[in-house]
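One structure, pasted below without further comment.
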Amino acid sequence: MNSVPLTTCVNQLRGSIDIPGDKSISHRSIMFGAISDGKTVVTNFLTGEDCLSTIACFRKLGVHIEVDDQKVEITGKGLNGLREPTEVLDVGNSGTTIRLMLGILAGRPFYSTLIGDDSIGKRPMTRVTKPLTQMGAKIEGREDGKYTPISIRGGQLKGFNYELPVASAQVKSALLFAGLQAEGITTIYEPSKTRDHTERMIEQFGGEVEVDGQVIKIKGNQSFKGTNIHVPGDISSAAFFLVAGAIVENSEITLKNVGLNPTRTGILDVMKEMGAEVQMINVQKDAFEPVGDIIVKTSKLKGTVIEGDLIPRLIDELPVIALLATQAEGKTIIRNAEELKVKETNRIDTVVRELTTLGAKIEATDDGMIIYGKTNLVGGTVNSHGDHRIGMMLAVAALICKEKVTLENSEAIAVSYPSFFSHLGKITKT
Ligand code: S3P
């Protein structure tokens, strides 16, 4: 467990940052490359621990994957090229890896066992194991398939109609991976629109999917062709600097190469609503995933309400949005965000607890939180609780603290942003 002093009392943030590759898209590029025929070359791949877990799992399934500084090369041999693993598949901290892989393995006629770290052991898996079982996979897991370890024996699946009980791109994607191997059509109904990287990537790899608002239809027995993927920067990583730029005095920073897929840009909508000075430039809308640069400046902020269909569009950004709200005049209410309770940590609890330590006025509710601004953050000893996004949010909070801040469990940050501290150091002027 690493305990590190964080930089406090920052005078300004200046300069630009090349935002590292998107985590969701990096995972999917490995998965599609692994089930396609031929070579897939991925550039700007995120070499965070979560995506490396995905690579390790596919290597155990017999897929040849080479990683160097510039690119990842996957030699796919189609879905039938995946082999029964002789070892347990360890997903580490990655919910995306385990849930999406279960969808792939559901259609493969062999046996696998999946495990992860302590956090994964507490995260609900029934949301994927139940519908995949309905499609025909044989799945066993601790507490009736609720938790890891999970074992799965895949086989012939049948397409079905499924209404997602929660707005989850991970569940939707698992069912798409199963559906593309099934007999017949699988139709998925989403309660709110969630990130659509899987749908976009199916087309990129030569497959077919039909999307009509929140209804997604996929036909079975599909095959895919290897391709080249350039991963855009992760807006969920950019989020920490978006908030930092808005709350640290005298700041102006440019975040380069940020993915601007509309299913992910809820944070930009909320920041604008709160009065933040954010501007998008060099936007390329016609790329397979839209991308652009974002300029953010120190801003005068006001409270807001964040709820409903907006929640899935910014679910991973809510911890750092809570920090932003501590610097806004008036009350900010976050509701309909009960999914926060089943992320890497219970993010309602961890955000409220850690920001309270720093001096924020924030209270937990059943489905979100209420933040009263504007407050001066002071300092103290805080803890990531092993959650990368909590760790980075706290490092951004420290920038405006007047007293010493120590972050415990700082190593968690490497899950999604190994170069976070060096990027933060580059723009920090004390
Ligand atoms: C992800 C979807 C989201 C998000 C996670 C990555 C994905 O989870 O929180 O970090 O890559 O599909 P849910 O879809 O379960 O909300």
Side-chain angles (χ1 to χ4, degrees), residues 20-32 45-46 48-51 53-54 91-104 116 119-120 122-131 162 164-177 188 190-202 214 216 229 231-232 234-240 259 261 263-267 289 309-321 336-348 350-351 367-368 386-393 412-413 415-417:
D22 186 275
K23 184 155 80 70
S24 293
I25 298 173
S26 294
H27 280 301
R28 286 159 172 81
S29 68
I30 299 299
M31 294 179 182
F32 277 100
F45 180 82
L46 173 68
E49 286 167 6
D50 267 10
C51 299
S53 295
T54 294
V91 304
N93 189 242
S94 178
T96 307
T97 308
I98 191 163
R99 295 199 177 113
L100 274 59
M101 279 196 62
L102 281 168
I104 295 174
S119 154
I120 280 290
K122 294 185 194 123
R123 298 183 67 183
M125 294 299 149
T126 319
R127 51 181 62 197
V128 285
T129 56
K130 191 173 149 224
Y162 193 70
L164 293 182
V166 279
S168 163
Q170 292 184 350
V171 180
K172 172 179 67 175
S173 302
L175 298 182
L176 287 173
F177 274 120
I188 302 163
E190 297 192 278
S192 292
K193 182 96 183 142
T194 65
R195 67 190 68 190
D196 63 359
H197 307 302
T198 306
E199 295 89 311
R200 287 171 187 256
M201 220 176 257
I202 287 172
Q214 286 156 226
I216 304 114
I229 297 284
V231 181
D234 196 329
I235 191 165
S236 299
S237 298
F240 299 101
N261 179 319
T263 60
R264 297 283 299 280
T265 49
I267 184 168
E289 289 276 352
D309 287 345
L310 192 51
I311 297 294
R313 295 180 56 232
L314 45 62
I315 186 75
D316 290 342
E317 290 66 77
L318 285 170
V320 80
I321 289 173
N336 311 130
E338 45 280 272
E339 275 295 296
L340 286 177
K341 294 180 182 168
V342 292
K343 294 296 176 189
E344 284 82 333
T345 55
N346 176 335
R347 286 182 176 161
I348 297 180
T350 48
V351 167
D367 65 348
D387 184 332
H388 53 129
R389 300 203 197 279
I390 301 298
M392 288 185 275
M393 178 277 282
I413 290 172
V415 156
S416 66
Y417 203 159

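Just so you know, ligand 1 is whichever comes first in the structure, and atom 1 is the first atom listed for that ligand. These numbers were taken from a predicted model, which means no experiment stands behind them.
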Fill in: Salt-bridge contact Arg264-Glu289 (side-chain N to carboxylate O under 4.0 Å)
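So Arg264 does not pair with Glu289 through a salt bridge.
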
Worksheet item: Is Ser24 close to ligand 1, meaning an N/O of one under 3.5 Å from an N/O of the other?
Response: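 Yes; at least one N/O pair falls below 3.5 Å.
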
Practice prompt. Among all protein heavy atoms, pick out the one at the shortest distance from atom 15 (O) of ligand 1; state its residue, atom name and that distance to 0.1 Å.
Written response: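 Its nearest protein heavy-atom neighbour is Ser168 OG, 2.9 Å.
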
Discussion item. Under 4.0 Å, heavy-atom basis, I'd like to know which part of Lys343 is in contact with ligand 1: side chain, backbone, both or neither.
Written reply: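 Near ligand 1, Lys343 shows its side chain, while the N, CA, C and O stay back.
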
Worksheet entry | Nearest candidate to atom 7 (C) of ligand 1, where distance is taken over non-hydrogen atoms, out of Lys172, Arg347, Lys23, Arg28 |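 Among Lys172, Arg347, Lys23, Arg28, the closest heavy atom to atom 7 (C) of ligand 1 comes from Arg28.
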
Discussion item. Testing the 3.5 Å rule here: is there a donor-acceptor pair between the side chains of Ser236 and Lys23?
Written reply: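 Lys23 and Ser236 do not have a side-chain donor-acceptor pair below 3.5 Å.
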
Worksheet item: Heavy atom under 4.0 Å from ligand 1: found in Arg195's side chain, backbone, both, or neither?
Response: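 Side chain only.
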
Worksheet item: With a cut-off of 4.0 Å, which atoms of ligand 1 are near a heavy atom of Asp316?
Response: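 Atoms satisfying the 4.0 Å criterion: 4 (C), 5 (C), 9 (O), 10 (O).
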
Discussion item. Between the side chains of Asp316 and Arg195, is the shortest nitrogen-to-carboxylate-oxygen separation below 4.0 Å, so that they form an ion pair?
Written reply: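 Here Arg195 pairs with Asp316 in a salt bridge, since their nearest N and O are under 4.0 Å apart.
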
Worksheet item: Which heavy atom of the protein is the closest neighbour of atom 14 (O) of ligand 1, given with residue, atom name and distance?
Response: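 Nearest neighbour among protein heavy atoms for atom 14 (O) of ligand 1, to 0.1 Å: Ala169 N, 2.6 Å.
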
Worksheet entry | Between His197 and Ser24: side-chain donor-acceptor atoms closer than 3.5 Å |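 Distance-only check fails for His197 and Ser24.
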
Practice prompt. Could you tell me whether the side chains of Thr97 and Ser53 share a donor-acceptor contact shorter than 3.5 Å?
Written response: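 No, no side-chain donor-acceptor pair sits under 3.5 Å.
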
Discussion item. With no hydrogens and no angle check, just 3.5 Å: does a side-chain donor-acceptor pair link Arg28 and Ser173?
Written reply: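 Checked: Arg28/Ser173 side chains pair up, N/O donor to acceptor below 3.5 Å.
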
